[in-house]
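Input: a single structure, listed below in structure tokens.
Nothing fancy with the numbering, it's 1 onward along the sequence.
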Amino acid sequence: MLIRTFGSAVHGVNAVTITIEVNVSTQGIGYSLVGLPDNAVKEGKERVETAVRNIELKMPRLRTVINMAPADIRKEGSSYDLPIALGVLAASEQLKSERLEKFIIMGELALDGTLKPIKGALPIAIQACKEGFDGFILPKENAREAAIVNNLKVYGANNLKEVIDFFNEDGTLEQVEIDTRKEFELNQHKNDNDFADVKGQENIKRALEIAAAGGHNVILIGPPGAGKTMLAKRLPSILPPLNLQEALETTKIHSVAGRLNKETSLLYQRPFRSPHHTISDIALVGGGNNPQPGEISLAHNGVLFLDELPEFKRTVLEVMRQPLEERRITISRAKFSIEYPSGFMLIASMNPCPCGYFNHPEKECVCGPGVVQKYLSKVSGPLLDRIDIHIEVTPVDFDQLADTRKAESSESIRNRVVLARDVQNERYLEMENMYCNAQMSSTQVREWCQISTAGQTLLKTAMNKLQLSARAYDRILKVARTIADLAQSEEIKIEHLAEAIQYRSLDRESWGGN
């Protein structure tokens, strides 16, 4: 008897429906699994057989052939256990098969028949809805994640027996329903970190406000204990709230990576990723034998924080150059090519020298001649070229730390950021995949960042006196455009330009002892 069940394979952040054909023949014996399965899928035979026996049903001893189509797509992971088990039971007439083809079915089986969580439930549910399936049956731990897709019935099951009873009409599965918009609206403004808790550092807060308003990448340079990490962690709290489309995009990536817990249906806040400096190239950008999104994709629509930037391997930092420009990363190998989105804001921090106290107001730097410049040169010029704002962070004095007055809250800062982003959304309305000032090309800088003769004179003087490098020119104009947007000004005024000039510390040729 020939039976079809349907599963799904995740490719990048999208899903492809897989047809699982099971044929049990009265002629011959043996078990064959074809259709480009990997070892985890092949080993599923032992899990399926043991689970079926443990719920007191029988595995057929006749000739059983299982084909997973399309046969040219590699099937990976243990999530095909459940649809294979149901197909075998239906083909051996131990399960009613009338409704099997109406559902996408996924789940890993434990030896006692318990269902274990899967990866990629959200993109699978989205694809199932597009293709008109009635429902999606999967482990209960993933049910809330899949249930955010409208017009698709999602059923969470604890074990194989519950699913068999559902198809045999001996029992029911509870349909999981979520009011996605209501949950999103209730949770999108929650944030554990707030700028109101930060004492002093008003100039750094201002720089981060500008960065958030224009989508600019930032690097913070300062001694240990100056508050670089604390400030960086609060950056997501002043970014514009995620809209529902962005939340779905971000949740899909985390779903594919298996980073969502069973209580999470949707990511409500912008992600904040902070990998350790020992991270490998593949862990940062994604890939591997079983391709997975890297940290830059997990930070999509959020913030990637690289603490102690010069301590990262040079090769790791250099692989970020293309994703920073294109907002996506393409992983190309001999057997596959996968694209992951990576539209993130980069915020990096670093000490000014190996000992950490170069330019410190109180402590003396013990680094030898040339050591500071050698340390700074670990970060390449092309990478720095993609960072618009460089700012020095100085330690907070005792009086500021002891001050009991509350600083300005993140919500208040965010309101100004949202107004500035509204201006940019209107400006770039006709331009595809362009959302903020940081994404402007050189041509667009000339169009949108025109300055007066007095402004040109100021910029020329600054570049000569501060010995700014040539690459600073466009960056200063972009940041000045954002400062003008925050002030709701159509023109870039002298004061906007003057403020932007001070955010190019590392471009000063005299910085670091030159």
Side-chain angles (χ1 to χ4, degrees), residues 201-222 226 346-348 350 352-353 358-361 365 370 372-373 375-377 379-394 416 420 423-424 427 436-514:
Q201 305 290 23
E202 298 304 325
N203 61 325
I204 317 300
K205 293 179 192 175
R206 170 65 177 171
L208 293 180
E209 178 182 339
I210 294 165
H216 302 289
N217 300 321
V218 189
I219 185 166
L220 305 174
I221 314 110
L346 173 65
I347 180 165
M350 59 182 284
C353 65
F358 179 75
N359 273 351
H360 194 281
C365 175
V372 176
Q373 189 58 35
Y375 184 73
L376 295 176
S377 67
V379 184
S380 71
L383 181 60
L384 279 178
D385 194 30
R386 288 160 173 80
I387 300 177
D388 294 343
I389 296 177
H390 311 159
I391 186 160
E392 294 177 62
V393 184
T394 53
R416 295 196 295 270
V423 172
Q424 292 163 60
R427 180 183 298 137
C436 56
N437 290 333
Q439 295 174 270
M440 282 191 287
S441 65
S442 294
T443 305
Q444 289 160 339
V445 168
R446 303 291 175 270
E447 180 182 354
W448 297 108
C449 302
Q450 295 180 11
I451 55 178
S452 64
T453 305
Q456 289 280 13
T457 304
L458 173 65
L459 191 49
K460 181 180 178 181
T461 304
M463 293 189 73
N464 290 335
K465 285 199 172 183
L466 299 176
Q467 295 180 291
L468 296 176
S469 63
R471 68 169 175 253
Y473 183 80
D474 276 5
R475 305 293 165 182
I476 288 171
L477 290 178
K478 286 183 184 182
V479 174
R481 177 69 270 169
T482 300
I483 295 169
D485 290 343
L486 278 166
Q488 299 294 304
S489 170
E490 289 187 15
E491 297 178 11
I492 297 176
K493 298 179 181 176
I494 289 285
E495 58 267 29
H496 304 148
L497 204 53
E499 185 177 1
I501 288 167
Q502 68 178 324
Y503 298 131
R504 296 301 298 180
S505 298
L506 289 180
D507 270 324
R508 296 175 195 168
E509 309 238 348
S510 58
W511 210 96
N514 260 3

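- Looking only at side-chain heavy atoms (C-beta outward), Tyr503 and Arg206 come within less than 4.5 Å of each other.
- Ile391 places none of its side-chain heavy atoms less than 4.5 Å from the side chain of Ile221.
- Taking the ring centre of Trp448 as origin, the terminal cationic atom of Arg481 falls outside the region bounded by 6.0 Å and 45° from the ring axis.
- Nearest heavy-atom pair across Ile219 and Ile387 is N-CG2, 3.7 Å.
- Contact between Arg504 and Ile476 at its shortest, heavy atoms only, is CG-CG1, 3.7 Å.
- Side-chain atoms of Asn217 come within 3.5 Å of backbone atoms of Leu346 as a donor-acceptor pair (strictly under, hydrogens ignored).
- Of the possible polar contacts, one joining the Gln201 side chain to the Thr394 backbone as a donor-acceptor pair under 3.5 Å is found.
- Atom-to-atom distance recorded for Ser452:OG and Ile494:CD1 is 4.5 Å, nearest 0.5 angstrom.
- A donor-acceptor pair shorter than 3.5 Å can be found between the side chains of Gln444 and Ser441.
- Atom OG1 of Thr461 is separated from atom CG of Leu466 by 10.0 Å, given to the nearest 0.5 angstrom.
- Here the side chain of Arg475 pairs a donor or acceptor atom with the backbone of Asp385 at under 3.5 angstrom.
- Of the N and O atoms on the side chains of His496 and Ser489, not one donor lies less than 3.5 Å from an acceptor on the other residue.
- Looking at heavy atoms from C-beta onward, Leu477 lies out of side-chain contact with Met440 at the 4.5 angstrom threshold.
- Ile492 places a side-chain heavy atom less than 4.5 Å from the side chain of Cys449.
- A pairwise comparison of heavy atoms in Asp388 and Ala438 identifies OD2-CB, 3.9 Å as the closest pair.
- When all heavy atoms are compared, the tightest approach of Asp485 to Gln424 is OD2-CG, 3.4 Å.
- Summarising the local packing, CD of Glu491 is surrounded by 12 or fewer heavy atoms from other residues, nucleotides or ligands at distances under 6.0 Å.
- In this structure, Ala480 and Ala500 approach most closely via the heavy-atom pair N-CB, 3.7 Å.
- Note that OH of Tyr375 is 6.0 Å distant from CE of Met350, once rounded to the nearest 0.5 Å.
- In this structure, Ile210 and His216 approach most closely via the heavy-atom pair O-CD2, 3.6 Å.
- By the 6.0 Å contact criterion, CD on Glu490 is open, its count of non-hydrogen atoms from other residues, nucleotides or ligands being 12 or less.
- Atom CZ of residue Arg416 and atom CD of residue Gln488 lie 11.5 Å apart, to the nearest 0.5 angstrom.
- Atoms NE2 and CG, on His390 and Leu220 in that order, are 11.0 Å from each other to the nearest 0.5 Å.
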Decide yes or no on side chain to side chain contact (heavy atoms under 4.5 Å, CB included) for Leu497 and Ile483, but give the supporting numbers first.
CA-CA 8 Å; Leu497 204 53; Ile483 295 169; over 6 Å; no
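- In this structure the side chain of Asp474 reaches within 4.5 angstrom of the side chain of Arg446, judged on heavy atoms.
- Atom OG1 of residue Thr453 and atom CG of residue Leu458 lie 12.5 Å apart, to the nearest 0.5 angstrom.
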